[in-house]
Amino acid sequence: MSSRERYHHGDLRQAMVAAGLTLAREGGPQAVVLREVSRLTGVAPNAAYRHFANHLALFEAVRAAALGALAQAIEQEMKVAEQLPDAVARARGLLAAVGRGYLRFAEVETGWFRTAFAAGAFDVEVPPDASRTADKGLNPYELLSYALDAMAAAGVLPPERRPGAEFLAWSTVHGMAMLSIDGPLRGATPEQRKALGIRLLAMVEKGI
C-alpha cells in the first residue's frame with residue numbers, strides 16, 4: 001500500500017504525532033525532527049506542511065500527546081483511591097496518587113516526560129486540549145487541582161491554604177523527578193527512590 005493510499009482518509013496528522021512520540025520516547029524532545037517523523041510515516045517532508053505549519057507546531061502536538069500519556073499514568077494510580085468510601089482517606093489517596101503517577105512516569109517514560117516539560121512548555125493557562133488529557137478530560141495540572149479540591153472538600157486542607165497549593169505540590173514533586181532522572185538520585189536503586197518518594201508525598205500533604 002502506498003503512502004498516498006495509507007493516508008487518503010486524513011490520518012497522516014495522527015500518524016505523524018505517533019511517530020513523534022516514538023522518537024521522543026527514545027531520544028527526548030530533541031529527537032522530534034520533522035524529517036525523521038516524515039521518514040517514519042513514509043511520506044515526503046513537504047506533506048507534513050498540510051497538517052503542521054512548521055516544526056514547532058508538530059512538536060507542540062507531540063508534547064500534548066506526552067502530557068496526555070502523563071495524565072493517563074496519573075489516573076491509573078488514582079483508581080484505587082477513588083474506591084475508598086471514607087472522604088478523608090480518598091482525598092489523601094488521590095493526592096498521593098498524583099505524585100506517584102508523576103514520579104513513576106518520569107522514571108519509566110523519561111523521554112516523554114522531558115518532552116512534556118521541555119523549554120517553553122506547559123502553560124497552565126491554555127485552551128482545553130483533549131490531547132493533553134485522559135479519561136477524566138483533565139490535564140496533569142487539572143488532575144492535581146482535582147485532588148487538592150477533594151482535600152479541601154474533605155476538610156484536610158484548610159480553605160485559606162487552598163489557593164496556589166498546586167504550585168507548591170507540583171514544584172516539590174517535579175524537583176524530585178528531576179533529581180531522579182538528571183541529578184544525584186539517578187544512580188539510586190528503585191527501592192531507594194520509592195522510599196524517598198513516599199516520604200516526599202507525606203511531606204507534601206503535611207506542608208500544603
Residues in side-chain hydrogen bond (donor to acceptor under 3.5 Å, both in side chains) with [X], at least two apart?
X	value
Gln76	Lys79
Ser171	none
His174	Tyr102

Partners of [X] by side-chain contact (heavy atoms from CB on, under 4.5 Å), sequence neighbours excluded?
X	answer
Ser145	Tyr141, Arg162, Glu166
Ala81	Leu94
Ala31	Leu23
Leu168	Ile208

Discussion item. side-chain contact (heavy atoms from CB on, under 4.5 Å) for Phe52 and Val17? Distances and angles first, verdict last.
Written reply: CA-CA 10 Å; Phe52 301 101; Val17 172; 3.9 Å; yes
Discussion item. If the threshold is 4.0 Å, N to carboxylate O, is there a salt bridge linking Glu75 and Lys136?
Written reply: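 Judged by the 4.0 Å cut-off on N to carboxylate O distance, Glu75 and Lys136 do not form a salt bridge.
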For the side chain of [X] and the backbone of [Y], is there at least one donor-acceptor N/O pair under 3.5 Å apart?
X	Y	answer
His55	Val32	yes
Glu109	Ala106	no
Gln192	Thr189	yes

Would you give the length of the straight line joining atom [atom1] of [X] to atom [atom2] of [Y], rounded to the nearest 0.5 angstrom?
X	Y	atom1	atom2	result
Gln72	Asp135	CD	CG	5.0 Å
Leu70	Phe113	CG	CZ	7.5 Å
Asp129	Asn139	CG	CG	9.0 Å

Worksheet item: Can you find a heavy atom in the side chain of Met151 that is under 4.5 Å from one in the side chain of Val88?
Response: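 Side-chain contact under 4.5 Å: no.
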Worksheet entry | Pairs touching residues 183-204 that satisfy salt bridge (Lys or Arg N to Asp or Glu O under 4.0 Å), sequence neighbours left out |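 Every pair satisfying salt bridge (Lys or Arg N to Asp or Glu O under 4.0 Å) with a residue in residues 183-204: Glu107-Arg193.
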Worksheet item: For Glu77, what residues pass the salt bridge (Lys or Arg N to Asp or Glu O under 4.0 Å) criterion, not counting sequence neighbours?
Response: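 Glu77: salt bridge (Lys or Arg N to Asp or Glu O under 4.0 Å) contacts with Arg100.
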Item to complete: Can you sort out the partners of Arg39 under salt bridge (Lys or Arg N to Asp or Glu O under 4.0 Å), two or more places apart, ordered by chain and number?
Response: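 Only Glu36 meet the salt bridge (Lys or Arg N to Asp or Glu O under 4.0 Å) criterion with Arg39.
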Worksheet entry | Residues forming a ring pair (Phe, Tyr, Trp, His ring centres under 6.0 Å) with Phe105, sequence neighbours excluded |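 Partners of Phe105 by the ring pair (Phe, Tyr, Trp, His ring centres under 6.0 Å) criterion come out as none, since no residue qualifies.
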Discussion item. By the side chain to side chain donor-acceptor pair (under 3.5 Å) test, which pairs, at least two apart or in different chains, include something from residues 84-97?
Written reply: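 Every side chain to side chain donor-acceptor pair (under 3.5 Å) pair that includes a residue of residues 84-97, provided the two are not neighbours, is Arg92-Glu205.
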Practice prompt. Might you work through the side-chain contact (heavy atoms from CB on, under 4.5 Å) test for Leu21 and Val62, ending with a clear yes or no?
Written response: CA-CA 6 Å; Leu21 281 172; Val62 175; 4.1 Å; yes
